[in-house]
Number of protein chains: 2
Amino acid sequence: MSVTIKDIARAAGVSYSTVSKALRNSPLVKEPTRKHIKKIADQLGYQPNAAARSLVSKKSHTIGIVWPTIERAAHSSLITSMNNRLEQLSYTSLISINEMEFAINVFNRYRVDAVLVFDDGSNQGLSPSKVPVVSYGIAESSPFVPTVDVQRRKAIYLAAEYLHSIGHTKISYFGVMDTPDVMQREKAKGFDLAVEKFKLEAFPTLHVPVSSLESYEGYLAAKKLMQQEVKPTAIISSSHDLTKGILRAFQELNVSVPEDMSFISYDTIPEVNELEVPISTVGVPLEIITEKLTEALMDVVVEHDSKENIIYLEPGLSLRNSCKPFT
Amino acid sequence: MSVTIKDIARAAGVSYSTVSKALRNSPLVKEPTRKHIKKIADQLGYQPNAAARSLVSKKSHTIGIVWPTIERAAHSSLITSMNNRLEQLSYTSLISINEMEFAINVFNRYRVDAVLVFDDGSNQGLSPSKVPVVSYGIAESSPFVPTVDVQRRKAIYLAAEYLHSIGHTKISYFGVMDTPDVMQREKAKGFDLAVEKFKLEAFPTLHVPVSSLESYEGYLAAKKLMQQEVKPTAIISSSHDLTKGILRAFQELNVSVPEDMSFISYDTIPEVNELEVPISTVGVPLEIITEKLTEALMDVVVEHDSKENIIYLEPGLSLRNSCKPFT
DNA sequence: CTCCGAAATAACAACGTTGTTACTATAATG
DNA sequence: CATTATAGTAACAACGTTGTTATTTCGGAG
């Protein structure tokens, strides 16, 4: 049986409401009384009952996170960062790896203050949720939910634009092409837009499709690419993991970046600095993403309806000397 | 504001206690009344308040899982399987990726019925937890906690024993050697025991240390190994991911299994069948592990003190034609 | 038609906590 | 010394649910 404030009250010889106040540092209890109570609470190993607390306060100070099934590994650092940020705001995060609808139901029952979901393209019917939801995804695809959109399309477009501006016309895009995952589709779309706009060459390996964002996929695809007769002069990789694999392949094949190949990688995350070669990246820095996501969550927690439903984050280039002008 | 049983009661023109009983299919309410109530509850989108429920019932029907920091990816399939099993028992699982002590505190507050932790070697001081804990780890290292121990040491020993029995004496062990992670240390210990027992040759690459269990690590290590003058005739890999990398390297180097190299991989998981080559494995099958973990959790949930504190699971070999007798 | 007993439903207490209100010493004021 | 603020603490209601107990309703027996 757990120890409750009543146990503490009995042990301290005060009423349980005094204990409650003392533990929450209310100015209504005298300093010595508070100290006394706190000491006893400590001795008994008191842990507040979240159920009772949230029942009366109607707030659980907890955020639910629905961990996406696809690319589970890829989101690991984002979730870790979210976890830390929320902790700093003294919010607790609880994760569910269940299918989204089920997970949201669970969080509903637990009356978490808000839920963070990852837009995998199936978010359409999210409206009947009682608990406020924030989506990390694509603005258009989850119309009824506040969404933080990092504009993947624009990011990739930006990368292509930059490469074109320094003279490249044969650019290969490494990415997942045929997928229900809207995030990946957006990236591919950004590339295609740039191809059209800048009249990039439509050589055979304009698109280098991979079946997932794992690094091994990038490795294999890069090896195959370099066996082709017509090679690109620049590459855009749609994820950090992919980039890792591609670079490994290049190392083996003695392709050096940027001398033999210009390179831009999506995902502006700290891990980029762990690569052997400095690689320019495009995208919204991870810490900015989680900062905005946290803000959005705090918004829906207090407002329950946030007016500004969609937050677009501007992707940018972080140049790190992996691109050489092509003449 | 959420809809409660009182709202339903008002709408249905009955008392709220009747609603409670109707929703939980108590035989104390007449069939038509129940149907009526359920319909209304549905219309209003009622979701039971877990806080209130667990407050009165003292059970949350929830299991907390502390996702380990190290090798987070590697445990993904185990956690998924646990999640499914618990769901089938109509338990909900909540995951925390916080540091263990903090995570357990959170779960304590939420009064989850039990917590599952992964033994990373820091479980020593787990006793003061009010909520019952089950550990997936090493029996000796978490003395006060019911533990499911898959006997990694024995598993690797078994693998070496088998290879020795078919004539191999130059065997390389791929694994993380110098780590606080007791799980990895146990595996290495198993190998060393076998080396001693069977007087295996102490050639330079008896141990092939890797810095993590990622497949890339296996890949690199395998490449380096095959440049050595003295090569093993058999390999024991301490994880599935490692195995993936090693096999990829072998493919590139035209080393064929089992003709040029015998091979046994730790981790008996379904993913083994996705490898290009059939690979013999050693270890306790994943589904058995999760079955026992679930049983252990259910035990502590009802008993609060389980008498049989440690459950040893017997590792076994699953032979799949990746080993050739050495003559 | 009255009364009994079962069946159905209603009322109520309890779970552990918080916020509000009510009480009780204590000190200050005249 | 009586009166009144005031600080400190106690008592109590409420949160949404469940299990127990009390009440109503109704069909059938007398």
Side-chain angles (χ1 to χ4, degrees), chain A residues 1-38 40-41 44-62 90 92 107-113 130-131, chain B residues 1-38 40-41 44-62 90 92 107-113 130-131:
Chain A
M1 202 50 38
S2 297
V3 24
T4 75
I5 50 173
K6 297 196 181 174
D7 299 323
I8 301 175
R10 215 171 304 128
V14 297
S15 82
Y16 66 87
S17 56
T18 304
V19 174
S20 167
K21 288 172 189 56
L23 292 177
R24 311 189 347 99
N25 292 325
S26 157
L28 295 177
V29 301
K30 257 210 315 211
E31 184 61 25
T33 324
R34 176 190 324 177
K35 281 224 170 110
H36 180 214
I37 291 177
K38 283 203 169 178
I40 292 187
L44 298 181
Y46 171 74
Q47 286 283 18
N49 183 322
R53 180 176 278 185
S54 100
L55 182 58
V56 59
S57 71
K58 306 223 175 187
K59 284 266 160 285
S60 61
H61 248 243
T62 303
S90 66
T92 299
F107 288 142
N108 246 305
R109 286 203 293 275
Y110 274 86
R111 301 295 194 271
V112 298
D113 296 340
K130 278 325 214 163
V131 57
Chain B
M1 203 50 37
S2 297
V3 22
T4 76
I5 50 173
K6 296 194 181 174
D7 299 323
I8 301 174
R10 214 171 304 126
V14 297
S15 82
Y16 66 86
S17 55
T18 305
V19 174
S20 167
K21 289 170 188 56
L23 293 178
R24 310 190 346 100
N25 293 323
S26 157
L28 294 177
V29 301
K30 259 214 310 211
E31 184 60 25
T33 324
R34 175 190 325 176
K35 280 223 169 112
H36 180 214
I37 292 177
K38 283 203 169 179
I40 292 185
L44 298 181
Y46 170 74
Q47 286 284 17
N49 182 324
R53 181 176 277 187
S54 99
L55 182 57
V56 59
S57 71
K58 307 223 175 186
K59 284 265 160 284
S60 62
H61 248 243
T62 303
S90 66
T92 298
F107 288 143
N108 246 304
R109 286 204 293 276
Y110 273 86
R111 300 293 194 273
V112 299
D113 296 341
K130 278 324 214 166
V131 57

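The sequence lines fix the lettering, A, B, ..., with proteins before strands; numbering per chain opens at 1. Bear in mind that the values here come from a model prediction, so they are computed numbers and not experimental data.
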Quick one: pull up [atom1] in [X] and [atom2] in [Y] and give me the separation to the nearest 0.5 Å.
| X | Y | atom1 | atom2 | result |
| --- | --- | --- | --- | --- |
| A:H36 | A:I8 | NE2 | CD1 | 11.0 Å |
| B:T33 | B:E31 | OG1 | CD | 8.5 Å |
| B:Y110 | A:R53 | OH | CZ | 10.0 Å |
| A:K58 | A:D113 | NZ | CG | 12.5 Å |
| B:K6 | B:S15 | NZ | OG | 11.0 Å |
| A:D7 | A:Y16 | CG | OH | 13.5 Å |

Round to a whole Å and report the spacing from [atom1] of [X] to [atom2] of [N].
| X | N | atom1 | atom2 | value |
| --- | --- | --- | --- | --- |
| B:L55 | D:dC15 | CG | P | 14 Å |
| A:H61 | C:dT17 | NE2 | C1' | 15 Å |
| A:K6 | C:dT18 | NZ | C1' | 12 Å |
| B:R53 | D:dC15 | CZ | P | 19 Å |
| A:N49 | C:dC15 | CG | C1' | 8 Å |
| A:Y16 | D:dA14 | OH | P | 13 Å |
| A:I37 | C:dT18 | CD1 | P | 13 Å |
| B:R109 | C:dT17 | CZ | P | 12 Å |

- Under 4.0 Å between any heavy atoms, over every strand shown, what does A:T33 touch: base, sugar-phosphate, or nothing? Just pick one.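 Sugar-phosphate, backbone atoms only, no base.
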
- Query: Which is true for B:S17 with a 4.0 Å heavy-atom rule: it touches a base, it touches only sugar-phosphate, or it touches nothing?
  - Reply: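 Counting heavy atoms under 4.0 Å across all strands, the contact made by B:S17 includes a base.
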
Verify, without hydrogens or angle tests, whether [X] (side chain) and [Y] (backbone) share a donor-acceptor contact under 3.5 angstrom.
| X | Y | answer |
| --- | --- | --- |
| B:H61 | B:T92 | no |
| B:S26 | B:A22 | no |
| B:S60 | B:R111 | yes |
| B:T18 | B:V14 | no |

- Message: side chain to side chain contact (heavy atoms under 4.5 Å, CB included) for B:T4 and B:N49? Distances and angles first, verdict last.
- Response: CA-CA 8 Å; B:T4 76; B:N49 182 324; over 6 Å; no

- Item | Nearest-nucleotide 5' precedence on DNA chain C, B:S57 against B:G13 |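 So the residue in question is B:G13.
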
- the helix from C:dC1-D:dG30 to C:dG30-D:dC1: angle between end helix axes, five pairs per end, rounded to 10 degrees: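 Overall, the helix from C:dC1-D:dG30 to C:dG30-D:dC1 bends by 80° from one end axis to the other.
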
- Message: I need the residues from residues 18-32 of chain A with at least one non-hydrogen atom less than 4.0 Å from DNA chain D; give them sorted by number, or say none.
- Response: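 Hits under 4.0 Å, by residue number: A:T18, A:K21, A:L28, A:V29, A:K30.
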
- Query: B:K58 side chain N/O closer than 4.0 Å to the phosphate oxygens (OP1, OP2) of C:dG16?
  - Reply: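 Yes, because at least one side-chain N or O of B:K58 sits under 4.0 Å from OP1 or OP2 of C:dG16.
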
- Query: Side-chain N or O of A:Y46 less than 4.0 angstrom from OP1 or OP2 on C:dT17?
  - Reply: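 Checking A:Y46 against C:dT17: at least one side-chain N or O falls below 4.0 Å of OP1 or OP2.
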
Using nucleotides 24-28 of chain C, report all nitrogen or oxygen pairs with the protein that are shorter than 3.5 Å.
none

- Task: Look at the side chain of B:S15 and the base of C:dA11, then say whether one donor and one acceptor between them are separated by less than 3.5 Å.
- Result: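 Result: no qualifying N/O pair found.
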
- side chain to side chain contact (heavy atoms under 4.5 Å, CB included) assessment of B:Y46 paired with B:I5: CA-CA 8 Å; B:Y46 170 74; B:I5 50 173; 3.5 Å; yes

